[in-house]
A.B. asks: 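Handing you this structure, nothing more for now.
Owing to the predicted nature of the structure, the values given are computational and were not obtained by experimental measurement. Because only heavy atoms are used, hydrogens play no part in the values below, and waters and symmetry mates are left out as well, while side chains stay in. Here is the naming used below: chain letters follow the sequence lines, and residue numbers restart at 1 for every chain.
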Protein chains: 2
Amino acid sequence: MASRTRKSERRTEALTRERILEAAVELLDATGEGGLTFRALTERLVTGPGAIYWHVANKGELLDAATDTVVAAALAIEPAESADSPQGEIRAVALGLFDAIDEHPWLAAQLATQLSRSPWGAVAPRILESIGRQVRALGVPEGSQFTATSALMHYILGAAGQNAANGRVLGPGVDRSEFLDATSRAWKELDPDDFPFTRAVADQMRAHDDQAEFLAGIDLILAGITAVHPPTT
Amino acid sequence: MASRTRKSERRTEALTRERILEAAVELLDATGEGGLTFRALTERLVTGPGAIYWHVANKGELLDAATDTVVAAALAIEPAESADSPQGEIRAVALGLFDAIDEHPWLAAQLATQLSRSPWGAVAPRILESIGRQVRALGVPEGSQFTATSALMHYILGAAGQNAANGRVLGPGVDRSEFLDATSRAWKELDPDDFPFTRAVADQMRAHDDQAEFLAGIDLILAGITAVHPPTT
DNA sequence: ACCTGAACACCGTTCAAGT
DNA sequence: ACCTGAACACCGTTCAAGT
């Protein structure tokens, strides 16, 4: 009982909103959407639920804040390969979000929920801003900048959301090509009358590379923007 | 007690998976995501939870099936203005999904959740098929059909998801222009250094029309497809 | 001002028992 | 084969009480 002076490591270094958010993100990353509970959170933070409610209004706010934090971090990353063209910058922003959703798969569903709850809340302006600056640099006339930027943002959110799953479906046992194979086979067994197209592209889907496909979509939209708003060289 | 022959209207007409799905969709439409509980469902169907579990594996399957039903119905609608061009058909398909999400706002988040759980489950092939046929008709070379179709699908899911909120945020008291006004004002008060673009487009966002904006995005992607894969006239 | 922790209402799911 | 309904484990949230 003499060596009690040290106590057992650090315990409380005061509970802050930041520490709570940090723990929430860790919990979400480790255990998925269902893993974030107030019980798990109190255990990890060594407190009671009341303490958390002192810093955070409710679970919804907690999720929103966690989402915002992660998105902000993803957009803050300066692309290593400093793309010099606006197109390159847009690709970099898109890939940043793509990777963030890949690292934090819960982001996909959470972004959708949040955007559909408060469409222009905190997250949307962040993404809009990152892309919009480049759209402007592309020479898109002022009156069309919002439309072009929104289109890119919506594509990114839709595509990244679905692609996030690829990293998640593949549990410990399943590997990627095995999964794609199975899906491809399933598509080929669809009703020929109802699903001729899907059957026909089953092989393309099997061979596809998530990130390359994602960027090809970005490039398609960029090509559309350039076609509709040709740069006044 | 003599007039008991009639009984009190219909009571049980046997519980089927279809009746359960129907009730689930009604409940979701009426009370939102949080409103679908097994208690509410048993009350509406006048049974116990066990009866529902006999027809449905669990709540997740119930939600997936409800989503699939609604999406299938939305895609089955033949556009009244029978668009003759592939572009017109694609716009019609897109608008069908847009409207479905508008009518069933819970669809947005549910689609995202479902797609991020099983990316190529039941819903994705349906959408892929509807759009893909038209992409093919557009003359896109075979090797690029999957990419072009996916891009359209992802944009639609992303955009419709966010736009769904507009119909939902507006409760009884709030009207649309009031809401856009408030958002627009909020954007103009963002930090000028961090959000120059968002501040600049605040007025465009305020004046924008959801459906027109949505279709403008579709057209942008269609323009991109045409630019990258010019029709071999 | 910040934290504790028992208590409450509610949820998804199970399962022995009925028909 | 299909349904009943009590029971279980778990969840978000509250709040009187402490410091």
A.B. asks: What pairs with B:Ala51 under side chain to side chain contact (heavy atoms under 4.5 Å, CB included), at least two apart in sequence or on another chain?
C.D. replies: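 B:Ala51 satisfies side chain to side chain contact (heavy atoms under 4.5 Å, CB included) with B:Leu15, B:Thr47 only.
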A.B. asks: Do B:Tyr155 and B:Ile218 make a side-chain contact, defined as non-hydrogen atoms from C-beta onward lying under 4.5 Å apart?
C.D. replies: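 Contact flag for B:Tyr155/B:Ile218 side chains = yes.
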A.B. asks: Out of D:dC3, D:dT4, C:dC3, which nucleotide sits closest to the side chain of B:Trp54?
C.D. replies: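 For B:Trp54, the side-chain atoms sit closest to D:dC3.
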A.B. asks: Only counting residues at least two apart or in another chain, list the ones meeting side chain to side chain contact (heavy atoms under 4.5 Å, CB included) with A:Ala40.
C.D. replies: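 Here the qualifying residues are A:Leu27, A:Thr37.
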A.B. asks: Mind checking side chain to side chain contact (heavy atoms under 4.5 Å, CB included) for A:Ser130 and listing every partner two or more places apart, or none if nothing turns up?
C.D. replies: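 So A:Ser130 forms a side chain to side chain contact (heavy atoms under 4.5 Å, CB included) with A:Leu75, A:Val93.
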A.B. asks: Which residues pass the side chain to side chain contact (heavy atoms under 4.5 Å, CB included) test with A:Glu129, sequence neighbours left out?
C.D. replies: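 With neighbours one apart ignored, the set is A:Arg133, B:Phe195, B:Pro196, B:Phe197, B:Thr198.
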A.B. asks: Using whole Å, what does the distance between atom P of nucleotide D:dC2 and atom CZ of B:Arg19 come to?
C.D. replies: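 Taking atom P of D:dC2 as the reference, CZ of B:Arg19 is at 16 Å.
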A.B. asks: Considering only atom C1', compute the distance from C:dA9 to D:dC10 and round it to an integer number of Å.
C.D. replies: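 Per the computed distance, 13 Å lies between those C1' atoms.
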A.B. asks: Given that both pair distances must be under 3.5 Å and the pair must be Watson-Crick or G-U, what runs of three or more consecutive pairs involve DNA chain D?
C.D. replies: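 C:4-8 with D:12-16, C:12-16 with D:4-8 - these are the stems of 3 or more pairs that involve DNA chain D.
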A.B. asks: Keeping to residues at least two apart or across chains, list the side chain to side chain donor-acceptor pair (under 3.5 Å) pairs with something in residues 59-71 of chain A.
C.D. replies: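 Side chain to side chain donor-acceptor pair (under 3.5 Å) check on residues 59-71 of chain A returns A:Arg17-A:Glu61, A:Asp64-A:Arg117, A:Asp68-A:Arg126.
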A.B. asks: Under the rule for side-chain hydrogen bond (donor to acceptor under 3.5 Å, both in side chains), what residues qualify as partners of A:Asp181, not counting sequence neighbours?
C.D. replies: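 Checked A:Asp181 against side-chain hydrogen bond (donor to acceptor under 3.5 Å, both in side chains); matches are A:Arg206.
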A.B. asks: For C:dA1, does either OP1 or OP2 sit under 4.0 Å from a side-chain N or O belonging to A:His55?
C.D. replies: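 For A:His55, the contact criterion (side-chain N or O under 4.0 Å from OP1 or OP2 of C:dA1) is not met.
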A.B. asks: Taking D:dC2 as the reference, what is the distance to C:dA17 when you measure between their C1' atoms (whole Å, please)?
C.D. replies: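 After rounding to an integer number of Å, I get 13 Å for this pair.
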A.B. asks: If you define the side chain from C-beta out and look only at heavy atoms, does anything of A:Val56 sit under 4.5 Å from A:Leu21?
C.D. replies: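 Sidechains of A:Leu21 and A:Val56: no contact.
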A.B. asks: Rounded to the Å, how far apart are A:Leu15 CG and C:dA1 C1'?
C.D. replies: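 The distance from CG of A:Leu15 to C1' of C:dA1 comes to 13 Å, rounded to the nearest Å.
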A.B. asks: Treat primed atoms plus P, OP1 and OP2 as sugar-phosphate and everything else as base, then score nucleotides 12-19 of chain D 5' to 3': B for base contact with protein heavy atoms under 4.0 Å, S for sugar-phosphate contact only, - for none.
C.D. replies: BBBB----
A.B. asks: Measure the distance from CG on B:Leu41 to P on C:dC10 and round it to the nearest whole Å.
C.D. replies: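 Value for this atom pair: 18 Å.
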A.B. asks: Give the rounded distance in Å between these two atoms: CZ of A:Arg17 and P of C:dA1.
C.D. replies: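 To the nearest whole Å, that distance equals 18 Å.
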A.B. asks: Who are the side-chain hydrogen bond (donor to acceptor under 3.5 Å, both in side chains) partners of B:Arg44, not counting sequence neighbours?
C.D. replies: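 Testing B:Arg44 for side-chain hydrogen bond (donor to acceptor under 3.5 Å, both in side chains), a comparison that skips the adjacent residues, returns B:Glu26.
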